[in-house]
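Numbers restart at 1 for each chain; the letters A, B, ... are given by sequence-line order, proteins then strands.
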There are 2 protein chains.
Amino acid sequence: MANIRDVADSAGVSVATVSRTLQQPERVSPKTRNKVMAAVQAVGYKPNLMAVKFRSGKSHNLVVLVPTVANVFFARVISGMQEAAAELGYSILLANTLGNSEIESHYAKMVSTSQADGLIQLRAHNPFDASMVNDNGLLPMVNACEVIDDGQYPVVSLDNRAAAKAMTEHLISLGHSRIAMIKGPNSSPLTQDRLAGYQDALTQAGISFEENLLFPGDFTLQAGYNAGETIACLKDRPTAVFCENDETAIGAMQAFKQANLHVPNDISMAGFDDIAFSAFVDPPLTTIAQPAEEFGRTAVTLLVDLLNGKIRKAPKVIMPFELIVRESTGKALG
Amino acid sequence: MANIRDVADSAGVSVATVSRTLQQPERVSPKTRNKVMAAVQAVGYKPNLMAVKFRSGKSHNLVVLVPTVANVFFARVISGMQEAAAELGYSILLANTLGNSEIESHYAKMVSTSQADGLIQLRAHNPFDASMVNDNGLLPMVNACEVIDDGQYPVVSLDNRAAAKAMTEHLISLGHSRIAMIKGPNSSPLTQDRLAGYQDALTQAGISFEENLLFPGDFTLQAGYNAGETIACLKDRPTAVFCENDETAIGAMQAFKQANLHVPNDISMAGFDDIAFSAFVDPPLTTIAQPAEEFGRTAVTLLVDLLNGKIRKAPKVIMPFELIVRESTGKALG
DNA sequence: ACCTGAAATGAAAACGGTTACATTTTAAAT
DNA sequence: ATTTAAAATGTAACCGTTTTCATTTCAGGT
């Protein structure tokens, strides 16, 4: 492969002139500029970006830790990240962590070994350990979607508590008072916030909270289906089910159908995320829309600002949500 | 940040010895090894991987061009790639191209500028142009899922023609003879192969092919829904619909439901891909299962072999498919 | 104790750019 | 024509590693 020296020789100038021609053309006379450009073509020069990155100390890579790319919501977030990163001249190193700390560590290490300039974490977990932290303290990271809100890192999240409250209020306004909830993993702050919002709405409406209307889940279709089967068999069945994400709701609806329960006549269903499928299931799912792509874009923008020293105190960005009422929720009967 | 020279000074040895201690410990006496290790700890040394990659000329990055990460099937493929790449010591630079040639070019250029060692393309399109190709000819690439089969690059694909034929035969065996097809984009070889398989089965069964049973689509839920609406209104309605992917089928089923058509009693539905949702829609979808994660793993393995010169002639790997019969297909009535 | 080959270590070049600094060329002002 | 500042270009150091080659140390055989 031709290098910058070959170009310099071919053009009869110094390597510095070649570099300047390519980086800051205005600092070079038009005459030599043409000579150099011609030489670049002649020898088929393509700059070794690895060398540039090494020399400049900036990799222009961003690591993204995503719990699972198979989750449709995350797929949208990633899509937004890609877009913003491309605009800002960064590339995304995507890590599908599957919640595995070892994988997280492996990729987090890329930041401390100069392979990436910063990291975006979509889970409420600090992937850096003592061995990675460098002299000057914190490593550049932005926490998005599901966040640890300790003020150390910039954060972009949703007011999950308010959103869950809004959805629960919607169900209450339809006359429901026995409202079940299929949760996410208990360890997730996101689950706790949504649970809190659910309780807020109950309390405000004077409905007492019942522990046994809570069902475990893990954001997958299968978990939703399992919980749905359980709920369908309950003697004192709830009249509405609020699921912590759409996959869970879709799984549960399928279980209800197989149990010959009609949604929403027998039981109302609500989800969270507004993934594309939710508008195309039967019945179309009432849910909370999150600006997923915008989450990704914001996280990247924030991280790049952080890298450029444009951020003093870790900002906290709260994204807006929207209650999308479709046909899976209806008046409570009986 | 401490560098290798700091370690050398702290340990009282040369930088060469430090490098050897870290790369090939057996080439260094146990005594100095300990000294060096202690010094590494003492100064908090973390090798600058950017420098290593630059020096070695190997980035250990692989670019993956995916038409859209929002497609659930591709998400699974990517997941498999991640896994294999991690095992082999490579990182994935993911590019969400959205079919945009400019984005493809941008990322493809990473290979010619030494930012990545090779590329995996999930679309039937050569992302390299004349400006990227280097002296020694072809750039390292593997083409997976939807492929251009010109023998230039290693390929990992499915026998889409055989799979489509198998599905069509299944429908025919249930007594269907008016079988519609909702296609993917016409430009896609994948679409052409599946169409050919569909025709193979018809021909074999002595059923004449009708051009007007073909409906356009683009692999999205919405396109499926649109086609479904059209089909529902047909005077001479087909009794079965074979969709080129599951999203399309799910979209179309929703349209049928809104038109009060029962699946499979009024109309049988078949998909392709076996995405997770397909088992949880109503009714569960008959489809063709593709080993998506295995696609990704194989593509990465093949690319790494190619990079290591372990491949002479571009291999062609054909992955197995499986017909998954669920409840969306039934006997033709009437 | 001495020689010899192997093992361990060190010195320095190399990878391919960027950039601070030095030098030359150019154009404008006298 | 001469001076002078600005513009253009060149020289060489530098980024942090790896690796070749030279040198030193070591252990084993006489």
So, does A:Ser19 get its side chain near the phosphate of C:dT18, meaning an N or O under 4.0 Å from OP1 or OP2?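 For C:dT18, OP1/OP2 do have a side-chain N/O of A:Ser19 under 4.0 Å.
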Any side-chain N or O of B:Asn3 less than 4.0 Å from the OP1 or OP2 oxygen of D:dG16?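 The answer is yes; a side-chain N or O of B:Asn3 sits under 4.0 Å from OP1 or OP2.
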Starting at the 5' end of DNA chain C and moving along, which residue's nearest nucleotide shows up first, A:Lys31 or A:Leu22? A:Leu22
More 5' along DNA chain C: B:Ser29 or B:Val15, using each one's nearest nucleotide?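 The residue closer to the strand's 5' end, by nearest nucleotide, is B:Ser29.
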Verify side chain to side chain contact (heavy atoms under 4.5 Å, CB included) between B:Gln152 and B:Leu138, making sure each step is shown before the conclusion. CA-CA 8 Å; B:Gln152 284 204 81; B:Leu138 293 182; 3.3 Å; yes
Whole-Å gap separating [atom2] ([N]) and [atom1] ([X]):
X        : N      : atom1 : atom2 : value
A:Gln24  : D:dA7  : CD    : P     : 14 Å
B:Leu49  : D:dC15 : CG    : P     : 19 Å
A:Arg27  : C:dT19 : CZ    : P     : 10 Å
B:Asp6   : D:dC15 : CG    : C1'   : 13 Å
A:Arg55  : C:dA14 : CZ    : C1'   : 16 Å
A:Gln23  : C:dG17 : CD    : C1'   : 9 Å
B:Lys35  : C:dG10 : NZ    : C1'   : 12 Å
A:Gln115 : D:dG16 : CD    : P     : 16 Å

Can you see whether B:Gln115 engages A:Lys53 through a side-chain donor-acceptor pair at a distance of less than 3.5 angstrom? yes
What I want to check is whether the side chains of B:Thr301 and B:Thr298 have a donor and an acceptor closer together than 3.5 Å.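 Note: B:Thr301 and B:Thr298 side chains miss the donor-acceptor criterion.
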Take the angle between the ring planes of A:Phe128 and A:Tyr153 and call it parallel below 30°, perpendicular above 60°, tilted in between. tilted
Just call it for A:Thr32: base, sugar-phosphate, or nothing, with non-hydrogen atoms closer than 4.0 Å on any strand. sugar-phosphate
Find which nucleotide of DNA chain D each of A:Phe54 and B:Thr17 is nearest to by heavy atoms, and output the residue with the more 5' nucleotide. A:Phe54
For A:Arg5 and for A:Arg33, locate the closest nucleotide of DNA chain D by heavy-atom distance; then report the residue assigned to the nucleotide nearer the 5' terminus.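 By nearest-heavy-atom nucleotide position, the 5'-most residue is A:Arg33.
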Side chains of residues 75-94 of chain A: which donor-acceptor pairs under 3.5 Å do they make with residues two or more places apart or in other chains?
unit_1  : atom_1 : unit_2   : atom_2 : d
A:Arg76 : NE     : A:Glu293 : OE1    : 3.4
A:Arg76 : NE     : A:Glu293 : OE2    : 3.1
A:Arg76 : NH1    : A:Asp274 : O      : 3.3
A:Arg76 : NH2    : A:Glu293 : OE1    : 3.1
A:Ser79 : OG     : B:Asn96  : ND2    : 2.9
A:Gln82 : NE2    : B:Leu94  : O      : 2.7
A:Glu83 : OE1    : A:Arg297 : NH1    : 2.7

Between D:dT19, D:dG10, C:dG17, which one does the side chain of B:Ala16 approach most closely?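 Closest nucleotide to the B:Ala16 side chain: D:dT19.
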